[in-house]
Amino acid sequence: MARFAMQNGFAADDYDTLHRWSVSEKGPFWKALWDFAGILGEAGDRWFVPDVAAPMTGAAFFPEASLNLAENLLKGPDRRVAVIAADETGGYVEISLRDLKARTARAANGLRAAGIGKGDAVGGILANRIDALVALLATAAIGAIWSSCSPDFGVPAILDRLGQIEPRALFVSPRYRYGGKEHDIADRISAVAAGMAKLRLVVQCGETARLALAPAIECVAMGDLGEELPLVFERVAFSHPLYVLYTSGTTGAPKAIVHSTGGVLLQHVKEHMLHGDVRPGDVLSWYTNTAWMMYHWLISGLACGAAVVLYDGAPVLKTSTGRDVAPLWRLAERAGITHFGTSPKYLATLADDDYRPKDQHDLSALRSVLSAGAPVSPVQFDWVYDNIKKDMIFASISGGTEIIGCFMLGSPLHCVRRGALTVKGLGLAVNVLDERNAPVIGLQGDLVCTEPFPSMPVTFWGKSGRERYHATYFAARPEIWTHGDVAEMTIHGSAVIYGRSDTTLKPGGVRIGTAEIYAACETVPGIEDCLVFGTPVAGDEEVVLCLKLKNGLILTPELASAIRGRIRDQASPRHVPHRIHVVREIPYTLNGKRVEGAARTVLQGGIVKNLGSLANAHCLDEYRNLDPGQAL
């Protein structure tokens, strides 16, 4: 970050001026990043073309450029370690860039031989193993479009997603292991294939199985796909579709978001190199499945000369003596991980088990821990520095699938502030607006971005894609991106995220976020997990808190009072729940996010439109029958 700033005429300690330049001089900033990151391709002579009539949605970045994602991820010395593949059984292998390129070349040539090429859709139902990465790279190399689901998704959830793009080829894992159990999904894959009219090729990765496929569909093992021919990269336009990612889909069919080749690459190298300080030879990890945007974010670390860690399996394992929370930390020590990506939920699990990684593992290589997926409570900041490592960066980062990156994230040049996201991302005109649409500091409001940036979606896939895209992010404020988060900008230039605006609570008509309630509950011994949402009552709204308690613990009036007191002290009297219920499970999406809206809907007698997007939809029956008379 300091080197980039100084090369462009800014003092290393003057981030505010650097940021203002990055959003006011968009063309020069993004071209400077292109050069700094050593992007392979042709940038062209025009780097940013504004549109007066549609300042955000009509502007164009690098309209004359040509580049290829795979070419940029596979650059560098052949001998370097590019991938470390590990799994929950202790399996561990290091893969050189030479080997990765050879595997990619063979798969790419196999796709070409099957008649698949530029602009075609390719899907994946894959575990987080090396074959998934090879399939993605091969797809990108030929200029095709990649989209993936995790193998634990059910048939409806997969068809709701991949079915929209009608892939011509599908890479699959017929068997996978998770949490010590082997899963055979051959029948599921056969059912998915039957629902894809344009499918012509199925490639089986790992163990193969007999699949029931239509005669028109060719089925091959990954090892038999393609021939050993040179790796050829199809360079495409900057705005050429690269990835299709999906929203959670809890309020309807998942939206299929189309991301551009150039936007993905530039956004990710900016976040890795500048904000993350990822350098050649570093080792970058993130616990993710192949469906989450963080998988795509992780593998872009290859463009920085770093090795990326692919971990397949559960982060916490059951043993004969209890649960083992250490697999990822054993891997961090063995691989020499420099950047460790995680989530607040995993950090809370470590704290619950009183597991102190710094006492159990050599973490001398570790320079940064990053967290995403939900707001990180101030208490968890304390826990990270007390129990993982003192001398490192802890970065809570926040953005989304919609921008395949971050609005707010870390910085190697700034101090870490307890409970806050450190800085606005370079090139992103982030603000918080109140109900007047005026920017505010120190007050909660809507997180917005007021200037265009390269990783904005190209469109939503399918009919009326552009119209649906505009309606989702620009209906509230024309030509201003409204992200859907409730946030607060601080006087330090950092930010606090309070939760999604569609789950915001309004007791007494005052808007408050859910994150502060979750943060307070995390400090209460005995609470394993929780969910909070609002339900209407007589012209107002009640705050409902549902608790999953540990080890058969009973919710007594004394415990309920203590929980309310903790929430009052750490948040405010308005955050205190009117009703507290004990439940057996907390509903989560397939991507591991709490689903407040679904619980609220069923409690009010409504119907959740897309149960296939939930990992444990069965638990909603319990919420449908919650009795106010039995609450404390």
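Keep in mind the model is a prediction, meaning the values are calculated, not measured.
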Is there side-chain contact between [X] and [Y], with at least one heavy-atom pair below 4.5 Å?
X	Y	value
Val486	Arg500	no
Met294	Ile397	yes
Trp292	Trp286	yes
Ile441	Thr490	no
Leu370	His339	yes
Phe453	Leu428	yes
Met56	Met456	yes
Val192	Leu159	yes

Audit row: Leu67, Leu40, side-chain contact (heavy atoms from CB on, under 4.5 Å) steps and yes/no: CA-CA 7 Å; Leu67 73 167; Leu40 300 178; over 6 Å; no
What's the verdict on side-chain contact (heavy atoms from CB on, under 4.5 Å) for Phe238 and Leu266, showing C-alpha distance, side-chain angles and the deciding distance? CA-CA 10 Å; Phe238 190 90; Leu266 280 191; 3.8 Å; yes
Arg161/Ser613 under side chain to side chain donor-acceptor pair (under 3.5 Å): CA gap, chis, key distance, verdict: CA-CA 10 Å; Arg161 291 163 174 78; Ser613 292; 3.3 Å; yes
Can you name the closest pair of heavy atoms from [X] and [Y] and give their distance?
X	Y	result
Met1	Leu413	CG-CD1, 3.3 Å
Val376	Pro344	CG2-CG, 3.8 Å
Ser260	Val458	CB-CG2, 3.7 Å
Ala59	Pro452	CB-CG, 3.9 Å
Arg477	Asn437	NE-OD1, 2.6 Å
Leu590	Leu614	CD2-O, 3.9 Å

For the atom pair [atom1] ([X]) and [atom2] ([Y]), what is the distance rounded to the nearest 0.5 Å?
X	Y	atom1	atom2	answer
Cys406	Lys270	SG	NZ	8.0 Å
Leu274	Leu33	CG	CG	6.0 Å
Arg168	Leu111	CZ	CG	10.5 Å
Met196	Ile165	CE	CD1	7.5 Å

Answer with yes or no after comparing the ring centroid distance for [X] and [Y] against a 6.0 Å cut-off, counting only values under it.
X	Y	value
Trp30	Phe62	no
Tyr473	His483	no
His272	Trp297	yes

Does [X] have any salt bridge (charged side-chain N to carboxylate O under 4.0 Å, His left out) partners at least two apart in sequence or in another chain, and if so, which?
X	result
Arg3	none
Arg466	none
Lys75	none
Glu488	none

Carboxylate-amine/guanidinium proximity below 4.0 Å for Arg129 and Asp131: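 No, this pair does not count.
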Between Arg279 and Asp277, does any side-chain N to carboxylate O distance fall below 4.0 Å?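 Salt bridge between Arg279 and Asp277, a charged N being under 4.0 Å from a carboxylate O: yes.
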Going by the side chain to side chain donor-acceptor pair (under 3.5 Å) test, which pairs reach into residues 447-465, not counting sequence neighbours?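 Counting only pairs at least two positions apart or across chains, the side chain to side chain donor-acceptor pair (under 3.5 Å) contacts touching residues 447-465 are Lys26-Glu451.
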Criterion side-chain contact (heavy atoms from CB on, under 4.5 Å) on Ser494 and Leu421, from CA distance to verdict: CA-CA 6 Å; Ser494 56; Leu421 298 97; 5.9 Å; no
Under the ring-ring contact (aromatic ring centres under 6.0 Å, His included) test, which residues partner [X], sequence neighbours left out?
X	result
Phe381	Phe394
Tyr498	none
Phe340	Trp329
Phe36	Phe4

Set out, in order, the CA-CA distance, both residues' side-chain angles and the distance that settles side chain to side chain donor-acceptor pair (under 3.5 Å) for Ser371 and Tyr346, then state yes or no. CA-CA 10 Å; Ser371 179; Tyr346 178 68; over 6 Å; no
Working note: Phe474 + Ile480, criterion side-chain contact (heavy atoms from CB on, under 4.5 Å); need CA distance, chi angles, decisive distance, verdict. CA-CA 6 Å; Phe474 300 100; Ile480 293 178; 5.6 Å; no
Check this for me: Leu443, atom CG, are more than 12 non-hydrogen atoms of other residues, nucleotides or ligands nearer than 6.0 Å?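 Counting neighbours around CG of Leu443, more than 12 heavy atoms of other residues, nucleotides or ligands fall under 6.0 Å, so yes.
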Can you confirm whether more than 12 heavy atoms, excluding those of Glu42, are under 6.0 Å from its CD atom?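 Not more than 12 within 6.0 Å, no.
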Compute whether any side-chain donor of one residue and acceptor of the other, for Thr261 and Arg235, lie under 3.5 angstrom apart.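 Result is no, nothing qualifies.
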Distance alone, cut at 3.5 Å: any donor-acceptor contact between the side chains of Ser147 and Tyr246?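 Indeed, the side chains of Ser147 and Tyr246 share at least one donor-acceptor pair under 3.5 Å.
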Using the ring of Phe61 (Phe, Tyr or Trp, six-membered ring only), decide whether Lys31 places NZ or CZ under 6.0 Å from its centre and within 45 degrees of its axis.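 No - Lys31 does not lie over the ring of Phe61 by the 6.0 Å and 45° rule.
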N/O donor to acceptor pairs below 3.5 angstrom from side-chain atoms of residues 137-144, sequence neighbours left out:
unit_1, atom_1, unit_2, atom_2, d
Thr139, OG1, Ala135, O, 2.8

For residues 120-142, which residue pairs pass the ring pair (Phe, Tyr, Trp, His ring centres under 6.0 Å) check, not counting sequence neighbours?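 Residue pairs with at least one partner in residues 120-142: there are none.
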Residue pairs, two or more places apart or on separate chains, that pass salt bridge (Lys or Arg N to Asp or Glu O under 4.0 Å) and touch residues 282-292: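 Residue pairs with at least one partner in residues 282-292: Asp282-Arg367.
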